[in-house]
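Please read the structure below before turning to the comments.
Sequence positions, counted from 1, serve as the residue numbers for this chain.
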Amino acid sequence: MVEPDVCLRIDSELLLFLPTSRRHEWQRVAPDGTSTLGHVVQSVGVPLPEVGSMTVDGVLTGPSYQPAAGDVVHVHAVPRPQRVPLEPGQLAPRFLLDVHLGTLARRLRLLGIDASYHNDMDDPSLVVEANAERRVLLTQDHGLLRRRALWFGAYVRGIRPDDQLGDLLERFAPPLRPWTRCTACNGELTPVDKGEIERRLEAGTRRSYDAYGRCPECGRIYWRGAHSEHLEEIVRSAVRAVGSPS
């Protein structure tokens with residue numbers, strides 16, 4: 001006798017997306033003859049950007065497959081580190097963070113990672129920018145990840161910024177270039193002669209430091225040695241997690 005339902009086996013890493021009352025490895029869904037596997041998986045709560053491979057009765061398949069009664073589907077989480085398609089000449093993935101991840105954005109910039117962030121951008125605008133600039137959209141909004149138009153998204157695990165950063169570094173293992181970006185606006189810092197900016201410096205800074213960088217986007221001035229021990233530890237921890245800076 002053929003099982004009347006489609007049986008989904010959800011990887012443990014993906015169970016967090018399911019409602020608490022249905023947070024079980026095995027899920028049963030009645031097939032309707034028209035819905036794709038991708039739609040079925042999202043219907044139980046798992047956003048497709050969080051799904052890696054899917055197999056039906058052990059055979060690799062894609063989200064466009066139409067499941068039938070009796071199918072047993074294994075839904076795997078994305079592999080880590082996860083590969084991001086890069087544009088010609090692009091050396092590292094670029095990211096766009098939603099309104100709730102401002103602290104994470106600043107930490108990514110501290111590490112030299114291209115991280116765009118706006119504190120006033122709505123969901124449709126985020127999708128438009130992510131697609132236009134080929135940025136990975138980072139969010140903790142399950143609904144945003146389920147938007148069909150989004151080219152590439154990722155759920156950020158963790159409540160504390162330290163945990164969020166650790167999750168992102170583990171998932172994408174991006175190359176690091178600490179102290180090369182403006183933490184305020186994401187601009188790439190360029191060296192600037194001390195004589196050009198010394199009128200903007202406090203007397204103690206002028207006496208103590210000779211090497212400076214300036215953000216061409218917002219004009220902020222940076223110098224090595226101005227960093228707190230807390231920021232230094234963020235960089236050291238990230239380098240230990242990912243490897244030596246590029």
* To do: Using atom types as modelled and distance alone, determine if a side-chain donor or acceptor of W151 lies under 3.5 Å from a backbone N or O of R135.
  => yes
* **Parallel, tilted or perpendicular: rings of F152 and F172 (30°, 60°)** => tilted
* To do: For D32 and T34, test the side chains for any donor-to-acceptor distance below 3.5 angstrom and give the result as yes or no.
  => yes
* Do any N or O atoms from the side chain of K194 and from the backbone of R206 form a donor-acceptor pair under 3.5 angstrom? -> yes
* **Main-chain N/O of Q42 paired with R146 side-chain donor or acceptor, under 3.5 Å** => no
* Asked: How about R22: does its CZ atom have over 12 heavy atoms from other parts shown lying under 6.0 Å from it?
  -> yes
* Asked: Are W179 and L231 close enough, and set up right, to give a side-chain contact (heavy atoms from CB on, under 4.5 Å), and what steps lead you there?
  -> CA-CA 10 Å; W179 320 110; L231 296 184; 4.3 Å; yes
* **Audit row: H76, T55, side-chain contact (heavy atoms from CB on, under 4.5 Å) steps and yes/no** => CA-CA 8 Å; H76 300 267; T55 58; 4.2 Å; yes
* **Under 3.5 Å donor-acceptor, D57 side chain and V72 backbone** => yes
* **Check ion pair E233-R240 (N to O, under 4.0 angstrom)** => yes
* Structure fact -> CG (D162) and CD1 (I234) are apart, to the nearest 0.5 Å, by 6.5 Å
* Just by distance, do the side chain of Q140 and the backbone of V156 share a donor-acceptor pair under 3.5 Å? -> yes
* To do: Say whether, by atom type as modelled, one donor and one acceptor occur between the side chain of D193 and the main chain of G195 under 3.5 angstrom.
  => yes
* Determine, using the 4.5 Å side-chain heavy-atom cutoff (strictly less than), whether Y155 and L97 are members of one ILVMFWY cluster. => no
* Asked: When you measure from the side chain of Q90 to the backbone N and O of E87, does any donor-acceptor pair fall under 3.5 Å?
  -> yes
* Regarding Y65 and D71, is there a side-chain donor-to-acceptor distance under 3.5 Å anywhere? -> yes
* Got a donor-acceptor contact below 3.5 angstrom from the N119 side chain to the G102 backbone? -> no
* Asked: At their closest point, which heavy atom of L138 faces which heavy atom of L108, and how far apart are they?
  -> CD1-CD1, 4.2 Å
* To do: Could you check whether the rings of Y209 and W223 sit parallel, tilted or perpendicular, using 30° and 60° as the cut-offs?
  => tilted
* To do: Could you tell me which residues satisfy ring pair (Phe, Tyr, Trp, His ring centres under 6.0 Å) with Y117, sequence neighbours excluded, listed by chain and number?
  => none
* To do: Treating Ile, Leu, Val, Met, Phe, Trp and Tyr as nodes and any side-chain heavy-atom pair under 4.5 angstrom as an edge, say whether L169 and V239 lie in one connected cluster.
  => yes
* Structure fact -> One should read off an interatomic distance between L101 CG and L168 CG, to the nearest 0.5 angstrom, of 10.0 Å
* Check Y222 against T183 and note the closest heavy-atom contact, atom names and distance. => OH-N, 3.3 Å
* Non-hydrogen atoms of P31 and P67 that approach each other most closely -> CB-O, 3.9 Å
* Give a yes or no on whether V84 and L150 share a hydrophobic cluster (residues Ile, Leu, Val, Met, Phe, Trp, Tyr; joining criterion: side-chain heavy atoms under 4.5 Å apart). => no
* Same hydrophobic cluster for V127 and V99, using side-chain heavy-atom links shorter than 4.5 Å among ILVMFWY? -> no
* Asked: Can you find a pair of side-chain heavy atoms, one from V235 and one from P178, that are under 4.5 Å apart?
  -> yes
* **Pair I221-R200, side-chain contact (heavy atoms from CB on, under 4.5 Å): steps then yes or no** => CA-CA 9 Å; I221 305 299; R200 298 175 55 184; 3.7 Å; yes
* To do: Would you check if C182 and L189 make a side-chain contact, meaning some heavy-atom pair closer than 4.5 Å?
  => yes
* Run the salt-bridge test on D167 and R80 with the 4.0 Å N-O cut-off and return the result as yes or no. => yes
* **H74 NE2 to L60 CG distance, which is reported to the nearest 0.5 Å** => 12.5 Å
* **Which atom of T36 lies closest to which atom of S64, heavy atoms considered** => CG2-O, 3.8 Å
* Asked: What's the shortest heavy-atom distance between L16 and H142, and which atoms?
  -> O-CE1, 4.3 Å
* **R220 backbone acceptor or donor facing R214 side chain under 3.5 Å** => no
* Asked: Any Lys/Arg nitrogen of R9 or E25 sitting under 4.0 Å from an Asp/Glu carboxylate oxygen of the other?
  -> yes
* **From Q27 atom CD to S43 atom OG, the distance as rounded to the nearest 0.5 Å** => 9.5 Å
* To do: Step by step, work out the side-chain contact (heavy atoms from CB on, under 4.5 Å) result for V73 and C7.
  => CA-CA 6 Å; V73 183; C7 294; over 6 Å; no
* Is there side-chain contact between L96 and V136, with heavy atoms separated by less than 4.5 Å? -> no
* Compare all side-chain heavy atoms of V40 with those of V29 and state whether any distance is below 4.5 angstrom. => yes
* To do: Tell me, with the steps shown, if E188 and R109 meet salt bridge (Lys or Arg N to Asp or Glu O under 4.0 Å).
  => CA-CA 9 Å; E188 290 195 76; R109 294 167 179 174; over 6 Å; no
* **Connected via hydrophobic side-chain network under 4.5 Å: L104 and L176** => yes
* To do: Find the distance between CG (D123) and OG1 (T139) and round it off to the nearest 0.5 Å.
  => 7.0 Å
* To do: Could you give me the CA-CA distance, side-chain angles and deciding distance for E129 and S116, then say whether side chain to side chain donor-acceptor pair (under 3.5 Å) is met?
  => CA-CA 10 Å; E129 179 173 326; S116 180; 2.8 Å; yes
* Asked: Mind checking what makes side chain to side chain donor-acceptor pair (under 3.5 Å) contact with R171, not counting sequence neighbours?
  -> E50, Q82
* Donor-acceptor pair, D11 side chain versus L14 backbone, under 3.5 Å? -> no
* Can you see which heavy atom on A115 is nearest to which on A105, and at what distance? => CB-O, 4.0 Å
* To do: Take E217 and R181 through the test salt bridge (Lys or Arg N to Asp or Glu O under 4.0 Å) and record every step on the way to the result.
  => CA-CA 11 Å; E217 304 296 328; R181 283 191 178 270; over 6 Å; no
* Looking at CD of E13 and CG of L15, how far apart are the two atoms once the value is rounded to the nearest 0.5 Å? -> 8.5 Å
